[in-house]
Number of protein chains: 2
Amino acid sequence: MAARWLSKEEQRAWRAYIEAVRLLQDALDAQLQADADMPHAYYEILVRLSERPDRRLRMAELATGTQSSRSRVSHAVARLEERGWVRREPCPSDRRGQLAVLTDEGYDALAAAAAGHVAAVRETVIDPLSREQLLALADASRAISAAVEAMRDHGVRSRATP
Amino acid sequence: MAARWLSKEEQRAWRAYIEAVRLLQDALDAQLQADADMPHAYYEILVRLSERPDRRLRMAELATGTQSSRSRVSHAVARLEERGWVRREPCPSDRRGQLAVLTDEGYDALAAAAAGHVAAVRETVIDPLSREQLLALADASRAISAAVEAMRDHGVRSRATP
DNA sequence: TCAATCTAGTTGAGTGTTCAAGTATTCCGT
DNA sequence: ACGGAATACTTGAACACTCAACTAGATTGA
């Protein structure tokens, strides 16, 4: 397979993208860590749980919902449980399964964190972009997500040839 | 400060964005780890060094160039040095400073990793987007980067009020 | 029905990142 | 010239994530 490089324009675009991604992630992580003492990944777990009427979710659903591995969620929920923000329950319909349940303390922690986090998101992403830009960003993002999932599934055609 | 929430549309866009970011980062990290035995952050360090005619860069420049903290770069270079991919040199003009120098082995490792990585970037980002989409993504990214830097500088106006 | 296989989730070791504190050197004002 | 402040970088502990191996329960099919 001939290695096809990026054009100057593609290169510039790609770098602008990952640069923004890194800066943003670090900034949001730092903001949440400083203001709410939790990493962004934990925040997202609490958000997903809070959106459920019964405030509970299977571990696997939590994993797919937050685009993370089962192992990550398992470790994270263990930590959240130590803090009393989440509790585990056995799943009635499948005895292998576990339900992560958001506790009242967890809900309070989320409520306390949310305003600051949303303000930061607004300040760094929503407000600096026009509506068209934001929608374009979302479109491009969906295309990227689809492509990543496609690559994951069909097993990376372009793997380094051994 | 009144907490201003996100509209439905903003919410959808924001989620699409971070979802893509997470999926992409995990995929690229996994690809590089599997094919070249290095995380994406290390790859970027090697890239920056390789772009210099003398293949060397001050630690601080490496940090700003890769949007990471000095500490991160310091640890990373230490690891890369253990592998023989990078070497440290004292900086002649400032005795506090250090130069990270890409070794020949490091250059080879980068060369071996590059094709697979670029192919993955192309497959997940460049190819699935139209030229307009890619340019729009870059524009939005630059706006986000600027906003993050602005927030970092002027000290987060919207910090959780204690 | 029972073995093989698949799925849900956990665990621990290894690795990378962060945060705060540390050392060494340079810069700056007087 | 010299003391204080800023800068360059490192270090170690605490924490998060990954990968592979593992347990336990569900599913399949012969």
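Naming convention: chains lettered A, B, ... in sequence-line order (proteins, then strands); numbering from 1 in each chain. All values reported here derive from a predicted model rather than from experimental measurement.
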Single-linkage hydrophobic cluster, 4.5 Å side-chain cutoff, A:Leu6 and A:Ile144 together: yes
A:Gln33 or A:Glu61, whichever maps to the more 5' nucleotide of DNA chain C: A:Glu61
Whole angstrom value for the distance that separates C1' of C:dG16 from CG of A:Asp29: 14 Å
Structure string for DNA chain D in dot-bracket form, Watson-Crick and G-U at under 3.5 Å, | interchain: ||||||||||||||||||||||||||||||
Separation of atom CZ in B:Arg22 from atom P in D:dT18, rounded to whole Å: 10 Å
Atom-to-atom span, CZ of B:Arg88 to P of D:dT10 - whole angstrom: 4 Å
Over 12 foreign heavy atoms within 6.0 Å of CZ, B:Arg12: no
Value in whole Å for how far the P atom of D:dT23 lies from CZ of A:Arg96: 16 Å
Any A:Arg70 side-chain N or O less than 4.0 Å from OP1/OP2 of C:dA8: yes
hydrophobic_cluster_shared for B:Leu49 and B:Leu32, side chain cutoff 4.5 Å: yes
B:Gln31 CD to D:dT18 P, straight-line distance once rounded to whole Å: 16 Å
Contact summary for B:Tyr43 and B:His117, nearest pair of heavy atoms: CE2-CD2, 3.3 Å
Contact summary for A:Leu57 and A:Arg52, nearest pair of heavy atoms: CD1-NE, 3.3 Å
hbond_proxy A:Ser71 side chain to C:dT11 base (donor-acceptor, 3.5 Å cutoff): yes
Nearest-neighbour nucleotide for the B:Arg58 side chain, C:dG12, D:dC17, D:dA8 considered: D:dA8
Side-chain N or O of A:Tyr42 closer than 4.0 Å to phosphate OP1/OP2 of D:dC15: no
Distance test, side-chain N/O of A:Arg79 to OP1/OP2 of D:dA16, below 4.0 Å: yes
Distance test, side-chain N/O of B:Arg95 to OP1/OP2 of C:dT26, below 4.0 Å: yes
A:Leu129 versus A:Val125, closest heavy-atom pair with distance: CG-O, 3.2 Å
Closest heavy-atom pair and its distance - B:Gln67, B:Arg72: O-NH2, 3.7 Å
Atom-to-atom span, CG of B:Asp37 to P of C:dT15 - whole angstrom: 10 Å
Under-3.5 Å donor-acceptor pair between B:His75 side chain and C:dT15 base: no
Among C:dT18, C:dT17, D:dT10, the one nearest B:Ala41 by side-chain distance: C:dT17
Nucleotide of D:dT10, C:dG9, D:dA16 approaching A:Arg83 most closely (side-chain heavy atoms): D:dA16
Distance, rounded to the nearest Å, where B:Met59 contributes CE and D:dT11 contributes P: 10 Å
Atom pair distance, as rounded to whole Å: CD in A:Gln98 and C1' in D:dG25: 12 Å
Base of D:dC19 paired with side chain of A:Ser69 (donor-acceptor, under 3.5 Å): no
Residue pair A:Arg22 / B:Thr66: nearest heavy atoms and the distance that separates them: CD-O, 3.4 Å
